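Please read all numbers here as calculations on a predicted model, not as lab measurements. Below, chains carry the letters A, B, ... as their sequence lines are ordered, and counting in each starts from 1.
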Amino acid sequence: MLRQAFAIFAKDLASELRTRYAINALLMFVVVTLAVIMFSLVGETLSSGALTGMLWVVMFFAAMSGLSRSFVAEEERGTTMTLQLLATPMAVYLGKLLFNLLLVVALNVFIVLLFLLTMDQFTVLQPDLFWTVMLLGSLGIAAATAIIAAIIARANTKGTLFPVLSFPVLLPLLMAGISATKIAVEEPVWDNAWPELQMLASYIVVVTTVSFLLFDFVWKD
Amino acid sequence: MKKRYLIGGVIVAVFLVIGGLSFLNSSVEYATLDKAEQSGKKVQVTGKWVQDMSTHYDTDNNTFMFYMRDEEDRIAKVVIDGPKPNNFDIATSVVAKGRYEDGVFRASEVLTKCPSKYEGQPESEHPDGIQKSSL
Amino acid sequence: MHVTAEAVSRRFNRRPVFADVSFTVSPGEVFGIVGRNGSGKSTLLRIVGGLLSPSSGTMRYSLNGTDVEGEKLHRHIGYVAPYLVLYEEFSAAENLALYARIRGRRLPDGAIEALLERVGLPTDRTDPIRAFSSGMKQRMRLLFAILHEPPLLLLDEPISNLDVDGMTVVYDIVEEYRRRGAVIIATNDAEDIARCDRTFRVEGHL
Amino acid sequence: MWWKILLFFWIAALSVFAIVTPIAGNLADLAGVAQWSAAKTIPVRFMIENTGAAADDGGWLLTGRDAHGRTADFHFAARPEGLDAAEGYLAIARYDSDQHRVEVARILGGYPSLAFPFIPGLEERAKIIFFHVPMSWMTVIAFLVSMWFGIRYLRKKDMEDDFRSAVSAGLGLLFCILATSTGSLWAKFNWGSFWNWDPRETSIFVLLLVYGAYFALRSAIEVEEKKATLSAVYSIIAAATVPFFIFIMPRIMPGLHPGSADDTGSGPVFSSGMDALMRVVLYSMLLGFLVLYVWLMRIQMRLHRIKLRRSDTALSSTERSISHV
């Protein structure tokens with residue numbers, strides 16, 4: 001099953017690299033969003049805490065605009081049935097999850113690097129904690145959006161429905177993530193973030209497990 | 001097939017508990033006065049109104065001043081824009097939203113927290129007047 | 001491969017497509033599913049292929065005496081249909097390599113060329129199959145179905161868009177898979193029906 | 001049929017009791033009287049400890065005791081009539097802080113047997129508990145029921161289960177909106193603002209979002225079987241993540257709402273110290289709302305079956321007309 005999943009992941013990656021539907025648009029989205037933030041902040045001095053909130057807003061909306069592609073693309077091209085004939089639901093889910101994971105990690109790394117470059121006021125006291133939180137947050141976003149994307153791929157108004165369904169499910173992750181990031185940015189003590197990290201980790205496990213159990217129903221007609 | 005759902009259910013339950021336990025250690029919503037002064041940011045501070053110290057309503061500026069003691073027993077002067085809040089006299093604790101300015105906590109809003117226990121007031125807490133005259 | 005349908009019904013939005021369909025297909029058979037337009041031939045074929053679950057009734061499959069479970073069914077089925085869309089951003093050879101990889105098969109050197117030649121597709125084209133004609137795409141679908149040599153081949157109007165050469169390719173494959181396992185064809189074409197040992201008429205509700 | 005009539009009277013009677021009891025304001029006991037400003041007279045109830053004696057100014061002074069056993073001096077302008085016979089009074093009075101005694105302006109009547117307790121700080125606003133709490137409970141119960149039928153649909157593929165799930169979610173949304181709006185209104189007068197992102201407020205907001213998303217999803221899928229499956233799946237996913245909010249966060253995090261972590265002593269909203277009469281009314285209201293929910297569910301299901309039967313007749317008649325042509 002792992003080999004199957006990896007083959008599907010490789011297929012999505014090759015397809016994406018060939019067509020560049022998502023990547024180009026997403027990179028531009030990030031650049032444009034950051035540009036808007038910078039425009040609106042000219043001359044303002046904001047604390048790192050407030051900028052943390054902005055960072056997460058950018059990450060959330062970037063995820064909302066790009067991560068539904070994995071399943072929506074199959075549905076739009078009409079290849080859902082082809083994939084159903086090729087692999088087990090488990091393998092499909094795992095493959096798509098891997099692809100989402102790669103996409104979201106790459107995206108968030110890009111966002112954070114750009115954010116650090118452009119926002120001079122944004123300083124991180126604990127870089128190791130900061131990157132740990134970014135990684136866990138990315139994992140959680142990928143896990144939650146993969147199953148939601150599979151659901152909305154079957155609906156009519158895919159684009160608008162995606163953030164609507166994702167937001168309540170992602171909210172625990174966002175709250176814990178933002179809080180942990182603030183600690184990484186403002187406080188010098190790693191230990192303060194343990195509850196948040198614990199919460200993030202258990203969120204990832206819960207969402208992934210539930211998704212694995214339910215994907216069969218979503219995938220098969 | 002059945003087994004899969006059983007195992008999945010157990011994993012979910014266990015990690016929901018672990019996730020839930022994480023809340024036990026975190027209380028990030030409210031700051032203390034010390035923190036408020038250090039950061040100079042707009043925060044929520046929860047504490048009690050110090051009844052022994054004076055309160056004052058300034059009619060010209062429409063501000064209300066009182067002293068508040070936070071969880072770390074630090075006392076600060078609080079000035080609110082506006083009149084005395086609802087239920088201020090009987091609040092068990094207050095939440096002040098605002099920031100430190102020149103040694104004074106300037107609050108944009110003060111919320112009063114009342115004993116919402118839905119019971120009559122216990123004997124020990126009853127006000128002075130009645131107590132003095134009781135037989 | 002033995003295929004048994006027991007009292008299979010399917011509804012869409014509470015509107016019945018067909019009801020109480022029962023039949024058995026045995027190894028070595030070419031089985032035809034016929035019926036008017038809209039009678040539910042394709043729907044029935046999708047149910048047989050495990051792509052759609054019946055609203056009521058059961059489908060059972062057994063291979064050499066052992067039952068095949070739903071999760072593993074797709075390994076034993078080849079499916080060709082006009083509504084099947086392949087990955088059009090990849091070339092023919094890439095598509096075949098992709099299917100082999102996902103299905104966990106190792107293709108020996110030259111296997112892809114041999115497959116392409118078998119259905120009469122050029123071996124030297126490296127452009128995406130998006131540019132293929134509809135007949136060439138149909139030939140690709142045939143390869144998609146037989147790449148993993150399944151014991152059950154499901155064909156939905158297999159000769160649509162095909163020229164005479166293409167039809168010969170299809171019927172060659174049908175004869176081969178009659179020997180390997182079983183073939184089910186959903187069609188109204190007289191030539192297709194002539195190849196069938198038995199036919200089953202779907203009386204769908206309108 | 002009979003239980004519906006019974007239910008109707010039950011809820012009607014409870015609502016009247018819950019809202020109306022102290023018609024002229026709170027039936028304050030002594031702690032309450034003392035807290036009101038000296039200029040204001042309010043109804044107060046008390047029992048007589050001793051029959052008292054004439055006061056210096058020609059009035060009558062006696063000792064009264066409230067429901068909580070506190071005592072105070074009660075001053076009447078003249079000796080009340082029938083003093084020996086009456087066991088207790090409901091009177092209009094105010095607290096005189098100089099004299100440390102309760103000035104009785106007018107006797108309203110005897111000691112009321114059913115009296116709404118005086119709750120410092122909440123007073124009349126305490127009555128929200130009879131509506132807000134049952135509504136919030138029904139919001140969560142309806143959601144769990146909806147999810148339960150969703151799971152049943154996934155197992156048995158019975159469209160009836162899907163409909164139950166959708167109806168329960170609809171009722172849950174209704175209760176959720178009611179609970180949110182009543183709570184918000186109450187918060188304005190008790191905490192000072194309509195919305196403060198208190199953990200409990202956040203939690204109900206998330207629940208509102210989940211319900212909204214559930215119905216947005218349902219309206220976006222045309223094939224009913226797919227709609228049923230996907231909405232069931234979504235409600236399970238939401239149920240796996242939302243408990244973080246509804247059950248855990250508001251209890252453990254500090255906040256304004258009763259039952260939050262720093263709400264010392266009161267614990268969950270139902271503290272053991274709750275006034276006995278209030279507890280009876282609250283539990284009755286919970287039961288009443290539960291039965292109301294079941295009743296509404298049944299009405300919806302009946303409506304659904306009637307609609308199905310009508311569309312079935314329509315369906316078969318068109319089939320007949322086609323086959324005749």
- Query: Do the non-hydrogen side-chain atoms of Tyr234(D) and Pro168(A) ever get within less than 4.5 Å of each other?
  - Reply: yes
- Any side-chain heavy atom of Arg154(A) within less than 4.5 Å of one from Ile221(D)? no
- Trp148(D), CH2 atom: more than 12 neighbouring heavy atoms under 6.0 Å: no
- Message: So which residue, Thr157(A), Leu161(A), Ile148(A), Ile147(A), ends up with the most heavy-atom pairs under 4.5 Å with chain D?
- Response: Leu161(A)
- Message: Which atoms of Leu173(A) are under 4.5 Å from chain D, going by heavy atoms: the side chain, the backbone, both sets, or neither?
- Response: neither
- Residue Val210(A) versus chain D: region with a heavy atom under 4.5 Å: side chain
- Message: Just verifying a value: how many Å separate Phe217(A) CZ and Arg155(D) CZ, rounded to the nearest 0.5 Å?
- Response: 9.5 Å
- Message: Within a 6.0 Å radius of atom CD on Gln121(A), are there more than 12 heavy atoms belonging to other residues, nucleotides or ligands?
- Response: yes
- Query: Checking Val218(A) against chain D: side chain, backbone, both or neither under 4.5 Å from a heavy atom?
  - Reply: both
- Message: If you count heavy-atom pairs within less than 4.5 Å of chain D, which of Val169(A), Thr160(A), Thr209(A) leads?
- Response: Val169(A)
- Message: Can you tell me which of Leu209(D), Leu208(D), Leu217(D) forms the most heavy-atom pairs within a distance under 4.5 Å of chain A?
- Response: Leu217(D)
- Item | Which of Ala155(A), Ala150(A), Ser211(A) touches chain D most, by non-hydrogen pairs under 4.5 Å | Ala155(A)
- Message: Any non-hydrogen side-chain atom of Leu165(A) less than 4.5 Å from a side-chain atom of Tyr214(D)?
- Response: no
- Item | Which atoms of Leu213(A) approach chain D - backbone, side chain, both or neither, heavy atom under 4.5 Å | neither
- In this structure, are over 12 heavy atoms from other groups packed under 6.0 Å from Phe212(A) atom CZ? yes
- Item | chain D contact via Phe167(A) - side chain, backbone, both or neither, heavy atoms under 4.5 Å | side chain
- Should the heavy atoms of other residues, nucleotides or ligands under 6.0 Å from CZ of Phe61(A) be counted, would the total exceed 12? no
- Note on the structure: From the list Val207(A), Ile152(A), Leu214(A), the residue making the most non-hydrogen contacts under 4.5 Å with chain D is Leu214(A)
- Can you find a heavy atom in the side chain of Ile151(A) that is under 4.5 Å from one in the side chain of Ile237(D)? yes
